[in-house]
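Letters A, B, ... are given to chains in the order of the sequence lines, protein chains preceding strands, and every chain is numbered from 1. Every value quoted in this text rests on a predicted model; they were computed, and no experiment measured them.
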Amino acid sequence: MIKKASVVIIGGGIIGCSIAYNLAKMGCKNIVLLEKNSLASGATGRCGAGIRQQFGTEMNCILARESIKIFENLSQELDYDIELNQGGYLILAYTEKEVNQFKKNVALEQSLGIDARFITVEKAKEIVPPLNTEGVLAATFCPTDGHANPFNTNFAYTEAAQRLGVKIYNFTEVREIKIKDNRVVSVSTDQGEVPTPIVINAAGGYSGEIGKMVGVDLPVYSQRHQILITEPVDPLFNPMLMSFSRNFYCQQTPHGSIIMGFGDPDEPKDYDIGSSWQFAREMAQKMIAVVPLLKEVSMVRQWSGLYNMSPDSQPILGEHPQVGGFYMAIGFSGHGFMLAPVVSLLMAELILKGQTSIPIDKLDIGRFERGELIIEPSVV
Amino acid sequence: MNFDPLYFPYPSRRMVVYAHNGMVATSQKDETIICRCEDVTWGEIRQALEKGYTTLDEIKRNTRAGMGRCQGTTCRRIILREIAKFCHKNIEEITIPTFRPPTKPIKLGTLAGDYDD
């Protein structure tokens, strides 16, 4: 193993790999990335792959908007096709409360330069002809939202980082993080030890375990989210279909397969990543009600992954106040993939320059103690 | 009796030997299709191996091999064997990815229609 590192990143998902790339791009040398399994084996490779800008708080809208801007040029920048498809997000309102919330969201999004609009049921049907509009009161649509291939994006960042000199160790498990005078000094793995002044916790579903290694209790927990995918079929609809009140998201990928999932509010807080037939059945029932044509399409595979949840469903970014050199990019609560391009850039700025081009100080870990939680109304 | 040509109970040792004897010569050509569902060629798999993706999981994520309608029933063993060859290991030492449900594709309509608990 390498003798000494200037930064050790824990986690070979999209967050870890994109931070490695951005640090290296800004000139940082001797970056090491540790992954206990293989790259994209955690939440990134298991995610729903959607990218949206339609949020209900100003900060989330700005972060998502900047992330899309990076996504739009990412295939070129990293020299790897990430299969970006901007088919939009069609978010359906089934309740009066949602109608009111969506009007507010769209006003906010438009004020921030996001091309979102509040549309009628008829217009929604035009955008997605096979949509069953029963119960739909209105919808919002943003044509620049969409989808990218999470594997390709993860590998694209990894390979670009490697070209810039980042050392990536697969199948290398972190065992211990050594602290001296309240500062990180080294990381021990099953393959050896690396002295380093900076550790970045990008361990996704397992970030809480990494926190324990430096003796802090991080306010995050993991929760299983299940997904299923169908065989590839002819193009049926282009945008991601989504509803908060009916709790689903569903999109046809450029490859033709249709991916769909929902969050179970009764899911226990643990590391289970098994699959259940109850999920497959409920998912099928939910989506057939929205797009009846889907009853003829076959499911070929189902799986699950871990959401790393924070108390306010917003990421926790920045250095830990009690452990010098211990940075966190955790608790993405299901939005890690879509936010990775911008968050990784900001994390690299924070670590190398001490300040960021978009303020992320509100996303520090101290917000929970201060009681300054960020309440985002639009999450699944 | 219903005969389903896509049905293989599990990758038995005999099947591996058969695949080895029967297909090894053709899989050396770059344009040979290894994963028939996703049209993945030997050339693409070879490139993934050469980049350092030497587990079946990584090759699957990199090339989509084994992610199609038959879920790797056909190509899994061929790729396993090629990984073993590339890494100079025995085929038994190569980790097999999780087998995900369902065993065979099932219509969403069929799934949704089953209300029995």
(message) Within a 6.0 Å radius of atom CD on A:Q76, are there more than 12 heavy atoms belonging to other residues, nucleotides or ligands?
(response) no

(message) Please find the pair of heavy atoms, one from B:A112 and one from A:I288, that lie closest to each other, and give the distance.
(response) CB-CD1, 3.6 Å

(message) When you compare the side chain of A:F171 with that of B:T55, does any pair of heavy atoms fall below 4.5 Å?
(response) yes

(request) Can you establish whether the number of heavy atoms outside B:E93 located under 6.0 Å from its atom CD is more than 12? (result) yes

(request) For the pair A:R301 (side chain) and B:M67 (backbone), establish whether a donor and an acceptor sit closer than 3.5 Å, ignoring hydrogens and angles. (result) yes

(request) Against chain A, label B:E58 side chain, backbone, both or neither, depending on which of its atoms sit under 4.5 Å from a heavy atom there. (result) both

(request) Among the options A:E296, A:M283, A:H255, A:Q162, pick out the one with the most heavy-atom pairs lying under 4.5 Å from chain B. (result) A:H255

(message) Would you say NZ of A:K167 has more than 12 non-hydrogen atoms from neighbouring residues, nucleotides or ligands within 6.0 angstrom?
(response) no

(message) Measuring from atom CZ of B:R100 to atom CG of A:L228, what distance do you get when rounded to the nearest 0.5 angstrom?
(response) 12.5 Å

(request) With a 4.5 Å cut-off on heavy-atom pairs, point out which of A:L39, A:N37, A:T230 contacts chain B the most. (result) A:L39

(message) Which one wins on heavy-atom pair count under 4.5 Å against chain B: A:A40, A:S275, A:G45?
(response) A:A40

(message) Return the NZ to CD distance between B:K107 and A:E231, rounded to the nearest 0.5 Å.
(response) 8.5 Å

(request) Could you pull out the closest heavy-atom pair between B:L108 and A:M260, with the gap in Å? (result) CD1-CE, 3.8 Å

(message) Is A:N154 in contact with chain B via its backbone, its side chain, both, or neither, using a 4.5 Å heavy-atom distance?
(response) neither

(message) What's the separation between atom CD1 in B:I106 and atom CH2 in A:W277, rounded to the nearest 0.5 Å?
(response) 11.5 Å

(request) Check whether any side-chain N or O of B:R69 sits under 3.5 Å from a backbone N or O of A:S298 as a donor-acceptor pair, and report yes or no. (result) no

(request) Might you point out which heavy atoms bring A:S38 and B:R61 nearest each other, and give the distance in Å? (result) OG-NH1, 3.0 Å

(message) Between A:E282, A:M287, A:E159, who has the most heavy-atom pairs with chain B when the cutoff is under 4.5 Å?
(response) A:E159

